[in-house]
Number of protein chains: 2
Amino acid sequence: MTRLPGKTVERLSEYRRTLLECLIEKKSFIFSHDLAARLHITAVQVRRDLMLIGYSSVLRKGYDVRELIDTIGKIIDSEESMNVAVIGIGNLGRAVAGYFKGKRSKLSLVASFDNDPQKVNKVISGVKCYPYSEIERVVKELDIKIAILTVPPDFAREISEETVRFGIKGILNFTTIPLNVPSGVHLEEYDMITSIEKVAYFVKDNKI
Amino acid sequence: MTRLPGKTVERLSEYRRTLLECLIEKKSFIFSHDLAARLHITAVQVRRDLMLIGYSSVLRKGYDVRELIDTIGKIIDSEESMNVAVIGIGNLGRAVAGYFKGKRSKLSLVASFDNDPQKVNKVISGVKCYPYSEIERVVKELDIKIAILTVPPDFAREISEETVRFGIKGILNFTTIPLNVPSGVHLEEYDMITSIEKVAYFVKDNKI
DNA sequence: TGAGGGATGTTAATAATTTAACAATAAATC
DNA sequence: GATTTATTGTTAAATTATTAACATCCCTCA
Ligand SMILES: NC(=O)c1ccc[n+]([C@@H]2O[C@H](COP(=O)([O-])OP(=O)(O)OC[C@H]3O[C@@H](n4cnc5c(N)ncnc54)[C@H](O)[C@@H]3O)[C@@H](O)[C@H]2O)c1
Ligand SMILES: NC(=O)c1ccc[n+]([C@@H]2O[C@H](COP(=O)([O-])OP(=O)(O)OC[C@H]3O[C@@H](n4cnc5c(N)ncnc54)[C@H](O)[C@@H]3O)[C@@H](O)[C@H]2O)c1
């Protein structure tokens, strides 16, 4: 499979999330325009994305929901479950851990790290919190590949560099500090202040 | 000012965040390539964005950090501070409230809403939590324009429709349910599972 | 005071992404 | 079973976003 555009990968994840809801609604088939409408995009976009992953429906009664879920999984999931850790189990870290735990079968949240003595060696939001000082050992032993970074901004840079040295291959950075990662490591960053400011901009003077 | 592309607005927010850090570092001037490097984008992009907002530096010793912060503020901030509320003050809502409170001078987090009797009429993460049943009155009295939605998914749709009826003009939706809003209301959605799945996809097989 | 260097603002070119167009075809209807 | 209708897969076009190119400007320093 040739490399997919990042935007398509994002949408595949959203398609699957929506399709999983369809299953709950006992809906076994869905038309491209229905799927599109639920995500506020166009039907063409859906069809084009599915074309890119080489999926086509056998019937013309829409896509087989369960089959499409599986197909998307084959594309975006890894064969073996990939292990994830939250670094910094503060307010945001706890929310993320509690939310994410068990949501996806091929992504396992297996550890959190913190340097607060009150927190280490306890189970917090469903995951064991390890002392940050043991991160090298634990990352290697548990084969952790992805880190979700929710430490205070001042530590973000150093911690990201360390974890990469210890074998982390992907980082989701929620701190306000932009990070540098070597090529071969994938980085996603999200700052909610940016989102809110964007909303505010378009609300102001009704720029819609 | 003609309408800016959403991407540019996002970057303006990021520029300002970075520039604010520069102030802390006692840096008063910054070159486009330095600003760009801190955000992992190109200097051309920076210059082009600033061109779009009609900013030009008087000196050629880089941009005046304080001046640029002000200019960006004139573009993306509203004159009067815009009021924001968090709806659903659970794990994520509390993290967001605590984080966001006081971060930006023109965006004031003035209330939260919940329907849990344990939570209402208390100050949580620095904001007063009102009973959800009073939302119509409070939104109008406090002139709240933006809602950050962190309620359980099942309630998201109904709550968003109600709040829009009561005068909300912008929604930042963190629930997993895509929402429909009438035109004239701005909607941003973010799902962290999508981000993690994207990271996982590019980590798998090293698709970098 | 004037040549050189370095950074900017802007237009033009390129690349990425989305949308449109439409032929192909299954299902529904008569 | 012919005809209509609806939906898909795919190519082509349009739009949007990014990058390159370059003339211009200011500062430096000889
Ligand atoms: N709370 C939010 O909604 C939110 C939103 C966006 C971004 N952020 C960012 O996320 C980060 C965390 O926010 P928070 O509200 O959860 O803060 P927090 O203070 O509640 O949590 C930070 C956690 O990191 C731990 N920590 C500190 N230094 C550490 C170190 N060197 N090694 C390991 N652990 C360490 C602390 O013990 C604490 O548990 C911040 O960078 C913040 O800017 C938060
Ligand atoms: N925790 C995360 O990191 C995270 C990440 C992404 C998305 N989300 C989404 O954010 C939402 C909240 O997540 P959470 O982990 O904070 O859940 P939570 O259960 O901790 O919080 C939900 C809050 O909403 C309140 N609530 C419930 N029904 C309400 C109603 N009808 N009106 C007003 N308030 C109501 C509850 O009392 C509770 O305080 C969920 O939709 C979740 O999918 C959470």
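The chains referred to below are lettered A, B, ... by the order of the sequence lines, with proteins before strands, and numbering in each begins at 1.
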What pairs with A:Y190 under ring pair (Phe, Tyr, Trp, His ring centres under 6.0 Å), at least two apart in sequence or on another chain? B:Y190
Are any of the side-chain nitrogens in A:E161 or A:R165 under 4.0 Å away from the carboxylate oxygens of its partner? no
Please report the distance, rounded to the nearest Å, between [atom1] in [X] and [atom2] in [N].
X	N	atom1	atom2	answer
A:L50	D:dG9	CG	P	7 Å
A:E10	C:dA16	CD	C1'	14 Å
A:D64	D:dT8	CG	P	13 Å
B:I53	C:dT8	CD1	P	14 Å
A:M51	C:dA24	CE	C1'	16 Å
A:F31	C:dA28	CZ	C1'	12 Å
B:I41	D:dA17	CD1	P	14 Å
B:K7	D:dT15	NZ	C1'	13 Å

Nearest to the side chain of B:Q45, heavy atoms from C-beta on, is which of C:dT17, D:dT19, C:dT11? D:dT19
Tell me which one of A:V65, A:D64, A:V46 satisfies side-chain contact (heavy atoms from CB on, under 4.5 Å) with A:I30. A:V65
Taking every heavy atom of B:A156 against every heavy atom of B:I177, the minimum-distance pair comes out as CB-CB, 4.3 Å
For [N], take OP1 and OP2 only and decide whether either is under 4.0 Å from a side-chain N or O of [X].
X	N	result
B:T42	D:dT19	yes
A:R11	C:dT18	yes
A:Y63	D:dG9	yes
A:K61	D:dT8	no

Walking DNA chain C from its 5' end, the first of B:R47 and A:V44 to be reached, judged by nearest nucleotide, is B:R47
Pick base, sugar-phosphate or nothing for B:F29, based on heavy-atom distances below 4.0 Å to the nucleic acid. nothing
Classify the nucleic acid contact of A:S32 as base, sugar-phosphate or nothing, counting any heavy atom under 4.0 Å across all strands shown. sugar-phosphate
Would you say the base of C:dT19 and the side-chain of A:R48 have a donor-acceptor pair closer than 3.5 Å? yes
Under the side-chain hydrogen bond (donor to acceptor under 3.5 Å, both in side chains) rule, collect the residues that match up with B:R17, sequence neighbours excluded. A:D191
